[in-house]
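Working notes for the structure below.
Residue numbers begin at 1 in each chain, while the letters A, B, ... track the order of the sequences. Note that these values count all heavy atoms, side chains included, but never hydrogens, waters or copies made by symmetry.
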Protein chains: 2
Amino acid sequence: MNRNEGASNGQVKATRLSLAILDEIRRRDGAGVTELATHFDCSKSTIHSHLRTLSDEGYLVNGGGHYSIGLKPLQLGGHARVKHQLYQVAKDEVDELAEETGESSKIIVEEDGRGVYLYQARAKQAVTTDSHVGTHVYLHSTAVGKCILAHLDESRRNEILDEHGLPQVTANTVTDRATLDSRLDRIRDRGVAFDDGERIEGLRCVAAPITAGDEVLGAISVSGPKKRIDDETFRTTLPELVRDTARIIEINVTYS
Amino acid sequence: MNRNEGASNGQVKATRLSLAILDEIRRRDGAGVTELATHFDCSKSTIHSHLRTLSDEGYLVNGGGHYSIGLKPLQLGGHARVKHQLYQVAKDEVDELAEETGESSKIIVEEDGRGVYLYQARAKQAVTTDSHVGTHVYLHSTAVGKCILAHLDESRRNEILDEHGLPQVTANTVTDRATLDSRLDRIRDRGVAFDDGERIEGLRCVAAPITAGDEVLGAISVSGPKKRIDDETFRTTLPELVRDTARIIEINVTYS
DNA sequence: TTAGCCGTTCGTCTAGAAGGAACGTTTATT
DNA sequence: AATAAACGTTCCTTCTAGACGAACGGCTAA
């Protein structure tokens with residue numbers, strides 16, 4: 001009957017469906033029983049019992065038959081974040097970076113071959129983008145992601161790039177493996193990475209990796225609109241600032 | 001035949017267990033199969049299949065048999081937060097409040113009769129407390145909570161207080177219903193609430209509710225150590241500042 | 001008023017969740 | 001070094017409870 005993929009052995013099918021429902025509701029920004037039943041090709045009653053359970057536990061909120069994400073995940077996520085070493089040692093520095101530059105500054109870590117924003121500090125005039133805490137992005141299409149890619153060991157890097165490929169996000173996204181490799185080389189040399197509208201049109205970003213020994217913990221970045229970040233700032237001022245901040249964070253890591 | 005017990009009707013038991021496991025791992029700050037099997041009084045293999053599923057979906061990370069909370073919940077939580085009206089209109093104001101006062105400033109909303117921190121802005125010298133984004137607190141033991149209680153309709157307020165009671169958190173916590181009621185009256189009169197070490201010893205907090213029409217959306221606060229917030233600041237300066245900021249946020253709500 | 005769509009509830013059936021025992025490692029003890 | 005204890009993990013069997021389809025009640029629109 002159900003032609004599920006073979007990789008789901010020794011797992012709890014009901015939980016899988018519950019979590020898949022959560023994710024679908026996030027993607028749709030809220031949903032109802034019928035549309036979810038259609039999407040997952042199963043009965044309304046099945047979906048309903050899952051929704052009821054998830055609502056009861058605070059993972060969903062039910063607004064007259066329309067279900068949307070509740071605040072319970074925020075408790076778990078907040079916990080995971082606070083316990084994350086990089087968050088503890090980098091948050092204050094990233095706050096300062098945002099304040100000094102007047103732009104948006106972020107901490108990102110790798111998970112399952114993609115990048116996750118751990119934290120975002122926004123100065124008042126900073127642009128609001130679609131990226132908020134918890135957002136997943138492709139590693140090859142952002143400066144922060146390329147920092148991480150550059151410092152992963154080769155086998156892991158190949159694994160990730162094979163799995164996710166190099167999807168084109170904007171006109172400027174690097175979609176060629178050779179080009180990407182040469183960029184990663186330069187990132188390793190310089191200690192900073194650039195993104196000139198590769199993920200979001202008109203958005204420039206400068207990033208630096210945070211390493212401990214031979215392991216990369218994540219990366220930090222400053223990003224803002226092209227019209228406000230001129231070439232001089234983009235190529236000289238910001239790289240120095242971001243690189244220096246990354247060094248301070250690495251020292252924090254060592255003594256924490 | 002059907003063993004339906006208590007309040008768990010028409011719900012998915014496997015999902016309930018999965019979510020209970022997540023919460024227990026959060027409380028324990030990571031756990032292993034055996035201790036969880038003991039805690040839930042069920043077989044190791046059952047726990048294991050749940051853990052495997054949750055890890056596979058990114059809700060947990062498995063570090064050599066020790067499981068801890070993953071970053072996937074951060075994605076859901078971040079989404080829920082960004083979609084929350086109060087976060088959108090209050091974040092910038094709360095950032096400013098933290099900067100002006102040099103203390104910690106928060107946004108809180110009510111969920112299931114308890115308070116949830118939606119956002120926290122910390123100035124550099126601000127104290128680090130146990131409360132981070134997503135933390136749940138009792139409404140009667142914080143200034144922000146009392147703001148919300150004061151502006152809920154009476155039936156809902158009674159419902160909440162009956163369900164959770166008035167547990168004593170510190171020596172200063174209000175545990176008497178009559179005392180609480182008179183404080184709530186004063187909060188309604190003044191538009192601000194105070195907390196002088198009622199939740200955390202030595203921590204003072206000033207809060208103001210955010211209302212829209214007759215509905216309370218949540219509350220904002222500034223909190224800091226008693227030694228830094230003198231009586232004058234605590235009773236006059238901060239209340240005015242917090243109240244004014246709340247008014248601005250309420251205007252933002254109206255025009256959003 | 002009626003038709004159609006929605007979320008919700010109910011009772012049945014069998015898929016799959018739960019349990020127990022055994023395995024392979026790792027860590028502590030003698 | 002040998003042994004024991006404890007852990008996470010796997011396998012297989014049993015019967016619980018998750019999935020289903022049909023029916024219900026509430027809502028909106030024609």
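- The CZ-P distance, from A:R16 to D:dG18, rounds to 17 Å in whole Å.
- Note: CG (B:D56) to P (D:dT9) measures 13 Å, nearest angstrom.
- At C:dG7, none of the side-chain N or O atoms of A:N62 fall inside 4.0 Å of OP1 or OP2 (strictly under the cut-off).
- At a threshold of 4.0 angstrom between heavy atoms, the contacts of B:G64 with the nucleic acid are absent.
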Item to check | side chain to side chain contact (heavy atoms under 4.5 Å, CB included) between B:Y117 and A:L74, worked out | outcome: CA-CA 9 Å; B:Y117 290 120; A:L74 200 59; over 6 Å; no
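- The distance from atom NE2 of A:H50 to atom C1' of D:dC20 is 12 Å, rounded to the nearest whole Å.
- The CG atom of A:D41 sits 13 Å away from the C1' atom of D:dA19 (whole-angstrom rounding).
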Validation: residues 246-254 of chain A side-chain donor-acceptor distances under 3.5 Å, sequence neighbours left out:
unit_1: A:E250; atom_1: OE2; unit_2: A:T211; atom_2: N; d: 2.8
unit_1: A:E250; atom_1: OE2; unit_2: A:T211; atom_2: OG1; d: 3.1
unit_1: A:N252; atom_1: ND2; unit_2: A:V89; atom_2: O; d: 3.2
unit_1: A:T254; atom_1: OG1; unit_2: A:E250; atom_2: O; d: 2.8

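- Listed for the A:R157 side chain is a donor-acceptor partner under 3.5 Å among the backbone atoms of A:L149.
- Side-chain atoms of B:R52 lie closest to D:dT10 of the nucleotides D:dT10, C:dA17, D:dA19.
- In this structure, the side chain to side chain contact (heavy atoms under 4.5 Å, CB included) partners of B:T46, at least two apart in sequence or on a different chain, are B:L17, B:C42, B:S43, B:H50.
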Each nucleotide N or O in nucleotides 21-29 of chain D that has a protein N or O under 3.5 Å away: list the pair and distance.
unit_1: D:dG21; atom_1: O6; unit_2: A:S45; atom_2: OG; d: 2.7

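- For B:T34, the side-chain atoms get nearest to D:dC7 when compared with the rest of C:dA18, D:dC7, C:dT9.
- An angle of 40°, rounded to 10°, separates the two end axes of the helix from C:dT1-D:dA30 to C:dT30-D:dA1, each defined over five pairs.
- Proximity note for A:K13 (side chain, C-beta onward) versus D:dA17, D:dA19, C:dA17: the nearest is C:dA17.
- D:dG18 atom C1' lies 16 Å from atom CZ of A:F40, rounded to whole Å.
- Using a 4.0 Å heavy-atom distance criterion, A:V33 is classed as a base contact.
- Every residue was checked against the salt bridge (charged side-chain N to carboxylate O under 4.0 Å, His left out) condition with A:R81, not counting sequence neighbours, and none meets it.
- When all heavy atoms are compared, the tightest approach of B:V137 to B:R199 is CG1-NH1, 3.6 Å.
- For the pair B:L54 CG and C:dA17 P, the interatomic distance rounds to 13 Å; values are reported in whole Å.
- For the pair B:E35 CD and D:dA5 P, the computed distance is 21 Å after rounding to whole Å.
- When every heavy atom of A:L86 is checked against every heavy atom of A:L217, the shortest pair comes out as CD2-O, 3.7 Å.
- When the side-chain nitrogen and oxygen atoms of B:H48 are compared with OP1 and OP2 of D:dG8, none of them lie within a distance under 4.0 Å.
- For the pair A:L51 and A:T15, nearest-nucleotide mapping onto DNA chain C gives the more 5' position to A:L51.
- Protein atom NE2 of B:H66 is 17 Å distant from nucleotide atom C1' of D:dT9, rounded to whole Å.
- Regarding contacts with the backbone of D:dT9, a side-chain N or O of B:Y67 is found under 4.0 angstrom from either OP1 or OP2.
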Next on the checklist: Quick one, B:Q75 with A:T135, criterion side chain to side chain donor-acceptor pair (under 3.5 Å). Give me CA distance, side-chain angles, the key distance, then yes/no.
Outcome noted: CA-CA 6 Å; B:Q75 185 184 23; A:T135 302; over 6 Å; no
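- Applying the salt bridge (charged side-chain N to carboxylate O under 4.0 Å, His left out) test to every pair with at least one member in residues 134-154 of chain B, sequence neighbours left out, gives these pairs: B:K146-B:E198.
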